Amino acid sequence: MVRVNDEVLRDLPAEDEETIKKALKSLAIEEGVNESDIKIVPVSLIPIRLQHIFRELGKEGYIVKESVVLNGKLFLLAIKKGRKLDIAPDFEARF
């Protein structure tokens, strides 16, 4: 059984918690990683630009692989792919 940080799922209805757990388990199997290599990031307000969140996770060595929206709350599932960096790649277009 996949264990999820209780803090992330606090105050979620049981069916939403189960949805997140299923997505986590599916991603772990698909990517061939341990659950400890997956970070769940809850975002209360869905921002217009997700690049900022992706950049911050990139600095920690995570890559966002999946997202789930439940009752207006965004959950990003990110996989640990590298070590913590002082910088992250710039995703903005350059002309």
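Remember, predicted model here, so these are calculated numbers, not experimental data. Just so you know, residue 1 is the first one in the sequence shown, and it goes up from there. As a basis for the values below, the full set of heavy atoms in this structure was taken, side chains included, without hydrogen atoms, waters or symmetry mates.
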### Summary
Residues at least two apart in sequence or cross-chain that pass side-chain contact (heavy atoms from CB on, under 4.5 Å) with Asp37, listed by chain then number, are Val33, Asn34, Lys80

### Query
Any idea which heavy atoms bring Ile79 and Glu31 closest together, and the distance?
CD1-CG, 3.1 Å

### Task
List for me each residue that meets side-chain contact (heavy atoms from CB on, under 4.5 Å) alongside Leu70, sequence neighbours excluded, and say none if there are none.
Asp16, Thr19, Ile20, Val68, Phe75

### Task
Report yes or no: do Val43 and Val64 belong to one cluster of Ile/Leu/Val/Met/Phe/Trp/Tyr joined by side chain heavy-atom distances under 4.5 Å?
yes

#### Entry: For the student: nearest non-hydrogen atoms of Leu57 and Ala78, plus distance
CD1-CB, 4.2 Å

### Query
Salt bridge between Lys39 and Glu60, side-chain N to carboxylate O under 4.0 Å?
yes

### Query
For the atom pair CD1 (Ile40) and CD (Glu66), what is the distance rounded to the nearest 0.5 Å?
10.0 Å

### Query
What residues, two or more places apart in sequence or in another chain, satisfy side-chain contact (heavy atoms from CB on, under 4.5 Å) together with Ser26?
none

### Query
Do the side chains of Leu74 and Leu50 get nearer than 4.5 Å, heavy atoms only?
yes

### Message
Check this for me, if you would: do Glu18 and Lys21 make a salt bridge, where the nitrogen-to-carboxylate-oxygen distance has to be below 4.0 angstrom?
### Response
no

### Task
Supply the atom-to-atom distance Ile53 CD1 to Gln51 CD, rounded to the nearest 0.5 angstrom.
11.0 Å

